[in-house]
> 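The following block contains the structure, expressed as structure tokens.
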Amino acid sequence: MNFPVWRRFLPPGLLCLLIMLSFVSVPGFDYLSFDEDQVILKNPLITAPLGFEGLLDIFTSLATNQYSPLSILSFWVEYNLFGFNSSISHLINLLLHLICATVVYLLAVEITSHKPAAWLIAAGWALHPIQVETVAWVLERRNLMHALFYFASMLAYMRFQRSGSPGHMRIAVAMMLLSGLAKTLAFIQPLSWLILDFLEKRPLTKDLVKEKFPALLLALALFLTTFLAAQQEFQPGDKSSLNFRAAAGSVVFYSEKTFFPAELSATYELNRLNPGTEGISLAAVLLFFLLFAVAGWCNRAAAAGILFFFVHLAPMSGLVRVGYNFYAALHFMYVPLLGLIAATVALAAKAGHRIRATAVFQYAGFLLVFLLAALSFQQSQIWKNTGTLFEHSLQLDPVNRFARNQLAVYYETAGRNDEASGHFKKLIDEYPDFFGGYYGLARIYSAQGHTDKALEMFAQAVRLNDGRGGILNDYGRLLQRLRRYREAEEAFFKSLELEPGRTALLLRAEARRGRGNYPGATADLTMLIYSQPGNLSYRLARIETLFEAGNWPAVFLDLHALLFAVTRLSPCPEDDFAFIAGHFAGRWHLLLPYSSAVTYFLG
């Protein structure tokens with residue numbers, strides 16, 4: 001029977017409408033001080049002008065613990081077209097989720113050949129409250145793009161299974177590559193194809209492996225890239241067991257949140273993990289094999305779904321910890337959730353068929369989807385801004401260290417120092433061996449002019465410092481303000497040992513200049529100029545230092561080099577001259593040399 005065209009588009013259309021209603025508030029949300037400020041708003045790769053050089057930098061940079069050039073590329077283009085606009089960023093995320101949901105629906109249709117069941121799978125996956133974190137968190141665009149191309153690759157591979165066309169396989173590999181450029185976890189893709197082979201009852205033969213050879217080479221490359229990007233962030237953990245207990249505990253945790261999506265938080269700290277949870281590892285593994293065996297006996301599709309869940313969750317289950325010590329993060333479930341939802345729908349469909357109540361089960365499924373949509377709308381409201389996000393985390397876990405520290409910093413940045421101080425003090429009471437509370441109070445006391453209290457807090461923060469150069473930089477700035485230049489220089493020196501960077505090097509140059517160590521200051525500024533030849537601020541700072549030191553030949557050489565760079569090499573000499581004039585506006589007194597200049601002029 002030939003149905004009207006509109007009926008073909010009705011199921012995905014209704015799905016997209018329901019998603020838009022569930023996430024209708026998201027475009028009005030702010031950027032978050034939860035990695036977005038560092039990875040997006042302060043990322044020089046994103047704020048670079050459009051051009052081949054910027055494009056090359058994006059694809060060759062391993063600056064963070066994830067290689068995600070495709071998502072950085074999207075932010076780069078977005079910034080150059082619209083600037084930093086949180087509404088645009090959230091709209092793009094929502095659009096990507098809508099496209100993902102449509103691809104999941106098409107994939108489910110291919111697998112089940114039953115549109116109502118396929119719609120329930122896609123809707124259950126797209127509207128589950130667990131997915132709110134990925135959609136509402138702008139930073140997780142990498143997750144959205146990764147999933148979009150990952151599911152598209154699975155769809156192309158299913159069509160290759162049916163047609164045997166090399167074109168479909170080439171599309172599947174191309175989609176895998178794009179998925180890997182968004183998130184290198186796409187190295188798992190060949191395993192998803194094997195699960196589809198299991199579903200289609202294709203025997204494991206040499207030909208089955210041979211047809212996947214290009215994808216296996218790509219998977220190896222993506223795996224090595226994952227390792228290279230993340231090697232600096234590996235957490236030691238329990239190397240002997242590769243954290244199998246923690247991984248098994250997280251599997252149980254994610255399964256629980258799938259079927260009982262209550263008290264969902266953005267921060268599940270490792271130090272807040274219930275010790276008893278790790279003891280259920282053996283039970284969790286046995287439960288997996290039991291579920292797989294039962295599901296396989298009852299329904300091959302359900303078995304494939306459970307296998308898909310475990311395979312795709314394993315790399316993010318805490319088996320190897322990378323970055324901050326969270327024992328769970330809900331955006332890790334964006335792809336694996338499809339397996340549990342598909343298995344649940346498959347088992348429910350089988351049960352409904354057996355008791356001849358298919359229609360009842362379908363109506364119950366539709367009602368459940370609407371309930372999930374309502375829960376997602378409610379869950380999305382906590383992502384409105386940094387304050388609402390971490391206030392919610394503290395409501396669920398009042399002694400969550402990370403959430404309290406982030407909330408206090410948010411209040412401090414917003415100028416709400418009384419509220420920030422209260423949270424920092426509470427942080428010290430709850431975690432006296434954690435530097436964050438002392439460091440926060442030190443910054444507030446320093447800004448308020450309470451130098452004695454600030455120095456006391458900085459002393460504690462430096463003592464408890466876990467390797468952060470920023471603490472020593474802020475401590476050194478306060479010492480500079482108090483004209484304690486030698487101590488400031490020592491603080492910046494230690495900062496450079498912990499985290500070598502231009503900020504600490506420039507601050508050390510200022511401290512050395514303040515105490516009259518002009519050769520040391522000049523050496524630091526020279527290193528900065530070599531690292532960034534086009535930075536006029538470094539050149540001007542060195543000219544000021546040389547002038548103050550009375551090194552007139554070097555001053556004239558630097559001035560000549562500066563004028564040559566501006567007039568002959570700069571693409572916008574007018575802007576550079578305006579910058580130079582603005583730099584010295586109201587600062588001409590800084591060019592007055594000390595006794596060295598007087599000696600020079602008076603002989």
Side-chain angles (χ1 to χ4, degrees), residues 1-5 7-13 15 99-126 146-180 186-219 295-296 298-309 311-312 335-336 338-339 341-347 349-350 353:
M1 182 183 294
N2 292 324
F3 293 105
V5 175
R7 290 192 63 177
R8 294 172 55 193
F9 295 98
L10 183 61
L15 174 59
I99 300 172
C100 271
T102 303
V103 174
V104 167
Y105 170 73
L106 295 174
L107 178 62
V109 169
E110 287 283 340
I111 293 172
T112 64
S113 301
H114 188 257
K115 288 186 177 180
W119 192 90
L120 286 173
I121 290 171
W125 173 84
H146 159 70
L148 171 59
F149 295 116
Y150 195 91
F151 292 137
S153 178
M154 291 178 67
L155 180 60
Y157 183 77
M158 281 219 71
R159 291 179 176 172
F160 165 75
Q161 286 178 327
R162 308 284 166 79
S163 68
S165 167
H168 283 139
M169 176 56 86
R170 284 194 288 270
I171 292 173
V173 175
M175 293 296 104
M176 176 184 170
L177 173 61
L178 290 173
S179 178
F187 68 75
I188 308 171
Q189 188 86 71
L191 294 178
S192 72
W193 295 352
L194 287 173
I195 292 171
L196 293 175
D197 290 331
F198 164 77
L199 192 60
E200 293 293 305
K201 300 181 181 179
R202 296 181 72 196
L204 186 61
T205 62
K206 284 185 178 179
D207 290 338
L208 193 74
V209 176
K210 187 177 178 181
E211 71 187 19
K212 298 176 178 62
F213 187 70
L216 292 172
L217 288 178
L218 177 57
C298 297
N299 190 308
R300 182 175 283 260
I306 294 171
L307 188 59
F308 183 91
F309 166 69
V311 165
H312 290 79
V335 171
L338 178 61
I341 298 296
T344 303
V345 172
L347 290 173
K350 186 77 172 180
H353 180 73

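No experiment lies behind these values; they were computed from the predicted model shown. When reading the values below, keep in mind they use all heavy atoms of this one structure, side chains included, and skip hydrogens, waters and symmetry mates. Sequential numbering from 1 along the given sequence is applied to the chain's residues.
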> Could you tell me which non-hydrogen atom of L208 sits nearest to which non-hydrogen atom of P203, and how far apart they are?
CD2-O, 3.5 Å
> Which distance, rounded to the nearest 0.5 Å, do you find between the CG of L194 and the CD1 of I188?
12.5 Å
> Do Q189 and S192 come within less than 4.5 Å of each other through their side chains, counting heavy atoms only?
yes
> Considering non-hydrogen atoms only, spot the tightest contact between V345 and A117 and give its length.
CG1-O, 4.0 Å
> Might you point out which heavy atoms bring V173 and W193 nearest each other, and give the distance in Å?
CG2-CH2, 4.0 Å
> Considering only heavy atoms from C-beta outward, does the side chain of I121 approach that of L338 to under 4.5 Å?
yes
> Which residues pass the salt bridge (charged side-chain N to carboxylate O under 4.0 Å, His left out) test with R170, not counting sequence neighbours?
none
> Between atom CG of L177 and atom CZ of F149, what is the distance when rounded to the nearest 0.5 Å?
10.0 Å
> Find out whether L148 and L178 are in side-chain contact, i.e. whether some heavy atom of one side chain is under 4.5 Å from a heavy atom of the other.
no
> What distance separates L216 CG from K210 NZ, expressed to the nearest 0.5 Å?
13.5 Å
> Can you name the closest pair of heavy atoms from A343 and I306 and give their distance?
CB-CG1, 3.9 Å
> Which atoms form the tightest heavy-atom contact between I195 and L307, and what is the distance?
CG1-CD2, 4.0 Å
> Below 4.5 Å, heavy atoms only, C-beta onward: do M169 and Y157 meet side chain to side chain?
yes
> Contact between F160 and I171 at the side-chain level, heavy atoms closer than 4.5 Å - yes or no?
no
> What is the distance from atom CH2 of W125 to atom CD1 of I341, rounded to the nearest 0.5 Å?
10.5 Å
> Check whether any side-chain heavy atom of V335 sits under 4.5 Å from a side-chain heavy atom of F308, and report yes or no.
yes
> Sorted by first residue and then second, give each salt bridge (Lys or Arg N to Asp or Glu O under 4.0 Å) pair with at least one member in residues 106-120; sequence neighbours left out.
E110-R159, E110-R162
> Rounded to the nearest 0.5 Å, what separates atom CG in L196 from atom CD in Q161?
5.5 Å
> Could you pull out the closest heavy-atom pair between A186 and H146, with the gap in Å?
N-CE1, 3.7 Å
> Considering only heavy atoms from C-beta outward, does the side chain of V103 approach that of M154 to under 4.5 Å?
no
> Look up atom OH in Y150 and atom CG in L107, then write down how far apart they are to the nearest 0.5 Å.
11.0 Å
